[in-house]
Amino acid sequence: MNIFSQYRDEIIAAVNGLVAQSALPAGLDLSRVAVDPPRDPSHGDLSSNAAMVLAKPAGMRPRDLAALIAARLESANGVAAAEIAGPGFINLRLDAAVWRRCLGDILAKGAAYGDSRVGNGKQINVEFVSANPTGPLHVGHARGAVFGDVLAALLDKSGYRVVREYYINDAGEQVDVLARSAYLRYREALGHAIGEIPNGLYPGDYLRPVGKALAAKFGDRWLDAPQSEWLPVLRAFTIDAMMDLIRADLAAFGIHHDVFISERSLVEDGRVDAALEMLAARDLIYRGTLAPPKGKRPDDWEPREQTLFRATAFGDEVDRPLQKSDGSWTYFASDIAYHLDKYQRGSVKLIDVWGADHGGYIQRLKAATEAVTEGKAALDVKICQIVRLMDKGEPIKMSKRAGNFVTLRELIDEVGLGVVRFIMLTRSNDAPLDFDFTKVAEQSRDNPVFYVQYAHARCHSVARMAADAFPEITNGDAADLDLLRDPAEVSLIKLLAQYPRVIEAAAKSHEPHRIAYYLYDLAAAFHGLWTKGREHAGLRFIVDDNRPLTASRLALVRGVRIVIASGLNLMGVVPVEELR
RNA sequence: GACCCCGUAGCUCAACCGGAUAGAGCAUCGGAUUUCUAAUCCGACGGUUACAGGUUCGAGUCCUGUCGGGGUCGCCA
C-alpha cells in the first residue's frame, strides 16, 4: 500500500467526477498530477498540485478549481480535512487511523513491504561491472558494482523482471596484451629470467599463478614457438583465469550476475556482421572520412577513409567508426551487436552502468541502440563518477603502473563488505565520492552506515529488553495501535509510510542512493524518539506497568526494524542486531 | 576548440518526472547522562542555490549565454 498513490487515485476520481458533471472539460492530461508529502507539517499530510496543473486546460483559476476538488475529497475515505492553500495546493489531513493502518500493513507484509508492481513484469536488463578480464577488480569498479547491483534489486522490488548482466571484453587488443603478459610469467615459471615487465604490459603479481598453471599444463611447449601459435591459446587460458578471479571478487562483494556474455563469441558467431548488415540495409553505414576534431588536433592526424555508422542521424555529434584498419571490428561495432542481442533476448529497457571516463561514448551507443532496434528498445546509461580514496582527509596516491592500486578485495577486508556497499551509495552517482578509511571505521553520527545500523540494533535491543520485562509479550501479540498517540510516534509512522514511495522514486529515476538518505532520516527520527523516552519516562517503549501500551510501542519499533532491514537488504548490507 | 558531468551554508553533500519559508552532517556556540546501549539527543548560528538573461501561476531543478572545477575527444575498452 502506497498512501501517496492511493490518494492520488482519490484525487483523480474527484476530477473525473467533476468531468462527469461537466464542471470540467473531458480529456484533461492528468499525468502531471502529483501527491507529495509537504515539507512543512502545517500543510497537512499530503499535498497535491492537481488544481494548479489543471487550471489552465480547464480554463479556471487554480484556487477555484482546488475548491471544487477539495469539496469532493472531504468525503473521501480517511480524509479528515481538505484545505486549499497558497497558489492552489490541495492539502489533505488524514485521520490518525489511516496512519495506524499503515503500520499494521507494514507489520503484516514484513520484508514484502515496499514491493510494487510499477514494473508490471516488464523485462529490464542491467549491465554492470563489465570490467576488462585483465586483472582483479579494484576500487574503481566498486562503485559501479554496488550501483548496478542495488539498482537491479530496486527494480526487482518494483516488479520488473531483471536480468543482471556482465559483458566480457575479450575480443580487443587488451586481451592480447594480457596474453603477452601471461607469456612472460609462463617463461618465469619455467625458470627463465624476465627482468622488469616492459612498459605497456600488465605487471601485476596476480599473473604469476597463471604463469605457473600454464607451465604445469603445457610444459615448455610454447617456449620457442612463435607468438602467432601460442597467443590464442594463452589468451583463452588467461581470460578464463581472470574471469575466475573476477567472479570470486564479485561473490565476495555479494554480487551475482545472471548472464555473462563474451564479446569474442558475438564476433565469432557472426552476430556483429548480422547487426551491421541490418544497419547497412537501412543505409546507416558508409565509407567516409571524418573531419579532424576542432581545436586540438592530434599530431599524427591524417585523413583516412573508414567504415562509419551514421550516428548523426540519431543525435550524435559525428559519425562513428566501426572497423579498425586491420579489418577487425571496433569495440563500438561489437557493442551494437551486443545491445541488439539484449533486445532480442526480451529486454526493451536497457541500463548500462559505466565509469565517468566513458561519458563520451553514451551518445553513439544510444544512437546505435535506437537504430538497430528500430526505436523499440530504450537505453539509459548511468555514469558513476570517480571514488577518491582518502585517509584522515588526505588523498591516497595510487598508480596502476607501480602496481599499488587498491583491490576490491583489500577494501572489503579492511573495512567490511557492508561498509563499502553503503558508503558507495552515500552520493548521487554523478557526483565524485570521497571514501575515507578513517571516517568509515568511525562509530559516530557522521558515519551513516554506523548510524543506521545502530538504529536497527537498537530496535533489537528494545525487543530483548521487553522480553525480560514482559516475557509473555511476543511478536504475534495483537497490539492496539490506537495507543500510539504521541505526535512523535505518529510522525515516525508517517516516515515509515513514505518508504514505498521512496523505493518507487528511486527505481523510476535509477537513483539507488535515495535509499541511503532515507534510511539515514529514518534512523535519526528513531534515535530522536528513543532519547525522548529517556527524558520523559512516559514515552519509553517499555512502560513497566502498562502491558498494552508496551505492546503497541513494540509494534512501532518492529515497523522501524522491518523498514531499516528492508532498505539495508536492498543495498546488500546485512542488518546487525548488536553493535558491541 | 567541441561534447558530457558538476557548481547549493565555512567544509562535505541532499532536495522525490518544476511546487509553498532550499534541508542534513561536520565545524562553532549552548544544553541533556541515577540509560529501553549518551557510539545518542535537543537548541542556536550559518544562504543573492557561481553569474546574466529567458520560459511559467511558480525555477536550485527546464532553455540560452558567461565564468570556474572534473572527464572525454578518428581504427583503447
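As the structure is a computational prediction, the values presented were derived from the model and not from experiment. To find a chain, count down the sequence lines: A is the first, B the second, and so on, and within it residues start at 1.
Counting non-hydrogen atoms under 4.0 angstrom, A/Asn91 reaches a base of the nucleic acid. Within 4.0 Å of A/Pro62, counting heavy atoms only, lies no atom of the nucleic acid at all.
Aromatic ring centres of A/Phe147 and A/Phe128: separated by at least 6.0 Å. Between A/Tyr361 and A/Tyr331, the distance from one ring center to the other falls under 6.0 angstrom.
In a base pair of the Watson-Crick type (N1 to N3 plus N6-O4 or O6-N4) or a G-U wobble (N1-O2 and O6-N3), with each distance short of 3.5 Å, B/rU55 is matched with no nucleotide.
The separation of B/rU33 from B/rC42, taken at their P atoms, amounts to 16 Å, rounded to a whole angstrom. B/rG74 and B/rC3 have their P atoms separated by 16 Å, given to the nearest Å. Across B/rA20 and B/rA59, the matching C1' atoms stand 13 Å from one another, rounded to whole Å. The C1' atoms of B/rU49 and B/rA14 are separated by 13 Å, rounded to the nearest whole Å. Taking the C1' atom of each, B/rU61 and B/rG23 are spaced 15 Å apart, rounded to whole Å.
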Inset, instruction - Report, as a single string ordered 5' to 3', how protein heavy atoms within less than 4.0 Å touch nucleotides 2-14 of chain B: B base, S sugar-phosphate only, - not at all. - result: -S-SS-----SSS
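Between the base of B/rA20 and the side chain of A/Ser47 there is a donor-acceptor pair shorter than 3.5 Å.
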